[in-house]
2 protein chains.
Amino acid sequence: MTMPIENDIKQTTSFRSPYHRMTVNLMYTNGWVCDEQMYLLKPYGLTIQQYNVLRILRGQYPNPVKVADITERMLDKMSNASRLVDKLLAKELAQRTECPNDRRAVDVVITEKGLELLKIMDQHQNQWETRFHNLTEAEADELNRLLDKLRGSTE
Amino acid sequence: MTMPIENDIKQTTSFRSPYHRMTVNLMYTNGWVCDEQMYLLKPYGLTIQQYNVLRILRGQYPNPVKVADITERMLDKMSNASRLVDKLLAKELAQRTECPNDRRAVDVVITEKGLELLKIMDQHQNQWETRFHNLTEAEADELNRLLDKLRGSTE
DNA sequence: TTACATTAAATGTATAGACATTATATTTGT
DNA sequence: ACAAATATAATGTCTATACATTTAATGTAA
């Protein structure tokens with residue numbers, strides 16, 4: 001009788017189905033991974049979302065990225081890219097300039113300071129990732145395959 | 001060459017490792033499941049967290065649950081059970097009474113109205129769960145096993 | 001060209017997450 | 001018994017999510 005997630009949330013009654021257990025497990029595990037990531041980012045004053053936006057900006061560097069493009073690339077589509085960019089601006093990790101061909105749009109570019117901060121984070125990544133090594137690479141691949149399949153995302 | 005999650009977030013560069021891909025995939029899939037769940041709860045004016053607290057209360061019914069106990073059982077330990085209970089109170093889905101043996105503590109109990117609401121949600125659950133059926137039960141079990149193992153949770 | 005619709009971003013509002021702090025009440029040590 | 005430590009919940013603050021609404025610029029059609 002398997003019980004791990006049940007123990008973690010001190011559950012008394014059992015799950016209706018493997019699918020029910022899966023949804024709860026997914027939420028709980030996601031929280032666990034986020035906690036781990038925050039532990040890494042916090043010393044640098046970054047939130048997970050700000051870090052994600054910063055990496056999207058680096059992905060296009062030195063080209064600018066419009067706010068709408070950031071939203072499209074974000075893990076969480078509904079979060080407010082406009083306000084996240086505000087925060088990066090305040091920390092001088094990104095710059096915002098009016099787009100010349102369309103004055104409604106805004107071009108966002110990562111700054112030198114932003115690139116340097118990401119470089120520091122990169123150095124931590126390999127070390128940080130080792131906390132996921134209780135899964136083998138093959139198991140991580142399998143987990144990826146199952147998550148993709150769950151969402152109905154096919155190759 | 002597998003690409004599902006990469007396509008979903010319009011990623012241009014590839015992931016460093018299966019572990020990196022896994023963390024992104026986990027966050028993205030969690031968001032997908034939460035969206036699905038909100039779609040179900042929204043017509044009843046419940047948020048996911050309020051729904052979770054309500055089910056914790058039902059799990060102990062008719063016994064009262066202290067705020068600290070709710071926190072311990074929640075998926076997200078850091079969310080503020082006190083304020084979530086406030087919201088349930090305002091909707092008359094829960095009741096709060098001073099604990100007789102310890103005047104610091106507060107006893108929270110689900111109301112008849114709360115039980116009825118959960119009963120309605122129960123009826124939707126089986127139908128709702130079918131959207132996860134692009135995984136077989138065996139695959140859902142395997143996903144559960146991998147998530148437990150990832151967190152280092154063993155039987 | 002001028003209405004009307006559409007698009008891009010910003011802003012407003014309510015809820016929740018992540019903490020730190022505060023207000024009481026209880027427990028413990030002397 | 002009484003001061004100090006601890007426990008429990010509530011509150012404050014900042015950030016983010018999930019929308020709806022607003023502001024301004026652009027596109028389109030009569």
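In what follows, every heavy atom counts, from backbone to side chain, and hydrogens, waters and symmetry copies are set aside. Letters go in sequence order (proteins before strands), and every chain restarts at 1.
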Quick check on contacts: within residues 45-53 of chain B, what sits under 4.0 Å from DNA chain D by heavy-atom distance?
none

Would you mind listing every ring pair (Phe, Tyr, Trp, His ring centres under 6.0 Å) that reaches into residues 43-90 of chain B, with sequence neighbours excluded?
B:Tyr44-B:His124

Starting from C1' on D:dA10, measure out to CG on B:Leu89 and report it in whole angstrom.
13 Å

Residue list, side chain to side chain contact (heavy atoms under 4.5 Å, CB included) with B:Ala140, at least two apart or on another chain:
A:Pro18, A:Tyr19, A:Met22

Taking atom P of D:dC14 as reference, at what distance in whole Å does atom CG of A:Asn80 sit?
19 Å

If you take any heavy atom closer than 4.0 Å to DNA chain C, which residues from residues 94-106 of chain A end up in contact?
A:Arg96, A:Arg104, A:Ala105, A:Val106

What pairs with A:Asp141 under salt bridge (charged side-chain N to carboxylate O under 4.0 Å, His left out), at least two apart in sequence or on another chain?
none

Under a 4.0 Å heavy-atom criterion, DNA chain C is touched by chain B from C:dT15 to C:dT26

Who pairs with B:Arg131 by side chain to side chain contact (heavy atoms under 4.5 Å, CB included), at least two apart in sequence or on another chain?
B:Glu36, B:Tyr39, B:Trp128

By nearest-heavy-atom nucleotide on DNA chain D, the more 5' of B:Met38 and B:Asp69 is B:Asp69

Report yes if at least one side-chain N or O of B:Ser82 is closer than 4.0 Å to OP1 or OP2 of D:dA9; otherwise report no.
no

With B:Arg96 via salt bridge (charged side-chain N to carboxylate O under 4.0 Å, His left out) - residues at least two apart
B:Asp86

Could you tell me how far apart B:Gln37 (CD) and D:dT17 (C1') are, to the nearest whole angstrom?
15 Å

Measure CG/B:Asn30 against P/D:dA18 and give the value in whole Å, please.
10 Å

Under-4.0 Å side-chain N/O to phosphate OP1/OP2 contact, A:Lys87 with D:dA16
yes

Salt bridge (charged side-chain N to carboxylate O under 4.0 Å, His left out) filter on A:Glu92, not counting sequence neighbours, yields A:Lys113

Applying side chain to side chain contact (heavy atoms under 4.5 Å, CB included), name anything that partners A:Thr130, two or more places apart in sequence or on another chain.
A:Gln127, A:His133

Taking atom C1' of D:dT15 as reference, at what distance in whole Å does atom CZ of B:Arg83 sit?
13 Å

Applied to residues 49-65 of chain A, the salt bridge (charged side-chain N to carboxylate O under 4.0 Å, His left out) test, sequence neighbours excluded, yields A:Arg58-A:Asp122

Should A:Arg21 and B:Asp148 count as an ion pair when the cut-off is N to O under 4.0 Å?
yes

Comparing A:Asp35 and A:Val85 on DNA chain C - which has the more 5′ nearest nucleotide:
A:Val85

My understanding is that only residues two or more places apart in sequence, or in another chain, count here; which of them pass salt bridge (charged side-chain N to carboxylate O under 4.0 Å, His left out) with A:Lys87?
none

In this structure, CG of B:Asn144 is separated from CG of A:Asn25 (nearest 0.5 Å) by 4.5 Å

Would you mind reading off the distance between A:Lys42 atom NZ and D:dT15 atom P, rounded to a whole angstrom?
12 Å

